[in-house]
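A short write-up of the structure that comes next.
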Amino acid sequence: MQVVGESHYQDALKALAARLGTEGIFTARLVPEPNNPHDTKAVAVVIDEQNGGKVGYLARQIAQTYQQRLLNHKSTVTCPARLTGTGFSAVGVVLDFEAVRDALGLPRVSVDQSDMDYEATAEYHRLNGA
């Protein structure tokens with residue numbers, strides 16, 4: 001799942017890209033923001049490490065579905081994530097959202113029930129200039 005709003009967090013994303021190297025895989029934490037002045041249903045995507053910075057948000061329609069579930073969940077919800085576009089001027093983030101669905105006890109939605117193909121996703125975004 002693509003993260004939105006990354007353009008506002010390019011400094012943090014580029015620093016993360018420099019630290020992670022070519023693989024660009026990290027753990028993201030989903031943080032509900034019910035007091036966000038722009039969107040009371042917002043869910044931030046944060047680098048899951050001590051003092052990890054915000055790198056974007058879940059798309060509005062996704063956040064509306066998941067924010068209350070995340071608020072009600074007893075523990076922090078994390079998922080694998082990968083940086084995209086690190087060789088270009090803008091860096092983006094793609095989440096393996098199946099881990100979120102699993103953590104919240106929701107059914108998987110992928111047809112083959114397999115893990116996310118990060119390489120194919122990154123190549124897709126590279127080819128489409130995302």
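Keep in mind it's a predicted model, so treat the numbers as computed, not measured.
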Heavy-atom check, side chain of [X] versus side chain of [Y], under 4.5 Å:
X: V55; Y: V46; result: no
X: L95; Y: L30; result: yes
X: V100; Y: T78; result: no

Residue pairs, two or more places apart or on separate chains, that pass salt bridge (charged side-chain N to carboxylate O under 4.0 Å, His left out) and touch residues 61-80: none
Using the salt bridge (charged side-chain N to carboxylate O under 4.0 Å, His left out) rule, collect all pairs that involve residues 36-45, keeping only residues at least two apart or in two chains. D39-R60
Test of understanding: with salt bridge (charged side-chain N to carboxylate O under 4.0 Å, His left out), list the residues that count as partners of E6, not counting sequence neighbours.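 Listed in chain order: nothing, the list is empty.
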State plainly whether one hydrophobic cluster holds both F26 and M1, where clusters connect Ile, Leu, Val, Met, Phe, Trp and Tyr through side-chain heavy atoms under 4.5 angstrom apart.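 Cluster IDs for F26 and M1 match.
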When you group the ILVMFWY residues by side-chain heavy-atom contacts below 4.5 Å and let the links chain together, are L58 and L83 in the same group?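 Yes, same cluster.
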Under 3.5 Å donor-acceptor, R101 side chain and P107 backbone: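 Yes, R101 side chain to P107 backbone: donor-acceptor pair under 3.5 Å.
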Donor-acceptor check, side chain of Q10 to backbone of A90, threshold 3.5 angstrom: yes or no? no
Using every non-hydrogen atom in the two residues, find where [X] and [Y] come nearest and quote the distance to one decimal.
X: Q2; Y: V93; value: NE2-O, 3.3 Å
X: P32; Y: L70; value: CG-CB, 3.6 Å
X: V77; Y: H73; value: CG2-CD2, 3.4 Å
X: T22; Y: R82; value: O-NH2, 4.1 Å
X: R29; Y: I47; value: NH2-O, 3.8 Å

Straight-line distance of K14 NZ to R19 CZ, nearest 0.5 Å: 16.0 Å
Non-neighbouring partners of [X] that pass side chain to side chain donor-acceptor pair (under 3.5 Å), sequence neighbours left out:
X: Y9; answer: none
X: Q67; answer: none
X: N72; answer: Q68

Test applied, side-chain contact (heavy atoms from CB on, under 4.5 Å); reference residue, Y57; option that passes from V4, I62, V3: V4
